[in-house]
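In what follows, every chain begins at residue 1, and chains take the letters A, B, ... in the order their sequences are listed.
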Amino acid sequence: MTLFNQILEPSALARPSTEVAPALIGCTLVRQLPTGQFLRGTIVETEAYAPGDPAFHAYRRMTGRNQVVFGAAGRAYVYQIYGMYYCLNVVTDCEGIPSAVLIRAVQLECLPIGMETSRKQKLHRLAAGPGKLCRVLQIDRNLNGTVLELGQPLWIERRQQEVAIVQTTRIGLSQGVDLPWRWYVQDCPAVSKH
DNA sequence: TGAAGGATTTGT
DNA sequence: CAAATCCTTCAC
């Protein structure tokens, strides 16, 4: 029996974020907790952030917070937002080119252990949004800079089936609002906003 | 050293 | 529509 699907080859992420973002739709995000428990979800919504993009944290210059997105592809960029949530990005493109893909929503495969009694929420809404996703997968700043590969706390597995993808503008921004750099699975109930 | 504001979420 | 909540960034 196969325990894991084939992980993404590193070269799949070493491309511009606007190519990687739609390519990640349908892939599986895997989180291994310190307890050893695996949490798995299908990526159903992404956004691209690229050089010259005024909405990007790396728009102006390298800082302590954003330095990981200037590095090589294949690491996690995790930052805190509004003092209480975290957002998970996948660093893409080549070293020296700030570039990342925000993972906005995943469809969880099953309810995490211990959540049965805590909340009566619909499974497909538990990770519908970048902040909710990090909350349920227990992703915080400790995972910033983590290499996304098998055996690490986070990794990504290749898409098994084709899905219908919709491309639109990004959400929640004050700048770069017209760039069509958001992708999501058509008619998917786990997407943050349809 | 301080102030402004944010790639969000939730409840009113 | 506003609060929650705190870190990052930029200005002085």
I'd like to check the side-chain hydrogen bond (donor to acceptor under 3.5 Å, both in side chains) partners of [X]; sequence neighbours left out, ordered by chain and number.
X	value
Q80(A)	R141(A)
E47(A)	Y49(A)
T146(A)	none

E149(A): salt bridge (Lys or Arg N to Asp or Glu O under 4.0 Å) partners, not counting sequence neighbours: none

Do any side-chain atoms of residues 163-175 of chain A form donor-acceptor pairs under 3.5 angstrom with protein atoms, and if so which ones, sequence neighbours left out?
| unit_1 | atom_1 | unit_2 | atom_2 | d |
| --- | --- | --- | --- | --- |
| Q167(A) | NE2 | P180(A) | O | 2.6 |
| T168(A) | OG1 | R182(A) | NH1 | 3.3 |
| R170(A) | NH1 | A48(A) | O | 2.9 |
| R170(A) | NH1 | D53(A) | OD2 | 2.6 |
| R170(A) | NH2 | D53(A) | OD1 | 3.0 |
| R170(A) | NH2 | D53(A) | OD2 | 3.4 |
| R170(A) | NH2 | G176(A) | O | 3.1 |

Validation: residues 56-70 of chain A side-chain donor-acceptor distances under 3.5 Å, sequence neighbours left out:
| unit_1 | atom_1 | unit_2 | atom_2 | d |
| --- | --- | --- | --- | --- |
| H57(A) | ND1 | Y77(A) | OH | 2.7 |
| T63(A) | OG1 | R65(A) | N | 3.4 |
| T63(A) | OG1 | N66(A) | N | 3.4 |
| T63(A) | OG1 | N66(A) | ND2 | 3.3 |
| N66(A) | OD1 | T63(A) | N | 2.7 |
| N66(A) | ND2 | H57(A) | O | 3.2 |
| N66(A) | ND2 | R61(A) | O | 2.8 |

Summarise protein proximity over nucleotides 1-12 of chain B in one line of letters, 5' to 3': B for base, S for sugar-phosphate only, - for none, counting protein heavy atoms closer than 4.0 Å. -----BBBSS--

Any side-chain hydrogen bond (donor to acceptor under 3.5 Å, both in side chains) pairs touching residues 81-92 of chain A, not counting sequence neighbours? T92(A)-S99(A)

Reading DNA chain C 5' to 3', which nucleotide is the first, and which the last, to come under 4.0 Å of any heavy atom in chain A? dA4(C) to dC10(C)

List in chain and number order the residues that pass side chain to side chain contact (heavy atoms under 4.5 Å, CB included) with I97(A), two or more places apart in sequence or in another chain; answer none if no residue qualifies. P51(A), D93(A), C94(A)

Taking only residues two or more places apart in sequence or in another chain, which ones pass side chain to side chain contact (heavy atoms under 4.5 Å, CB included) with R158(A)? Q6(A), L8(A), E9(A)

Please list every stem that involves DNA chain C, where a stem is a run of 3 or more consecutive Watson-Crick or G-U wobble pairs with both pairing distances under 3.5 Å. B:1-6 with C:6-11, B:8-11 with C:1-4

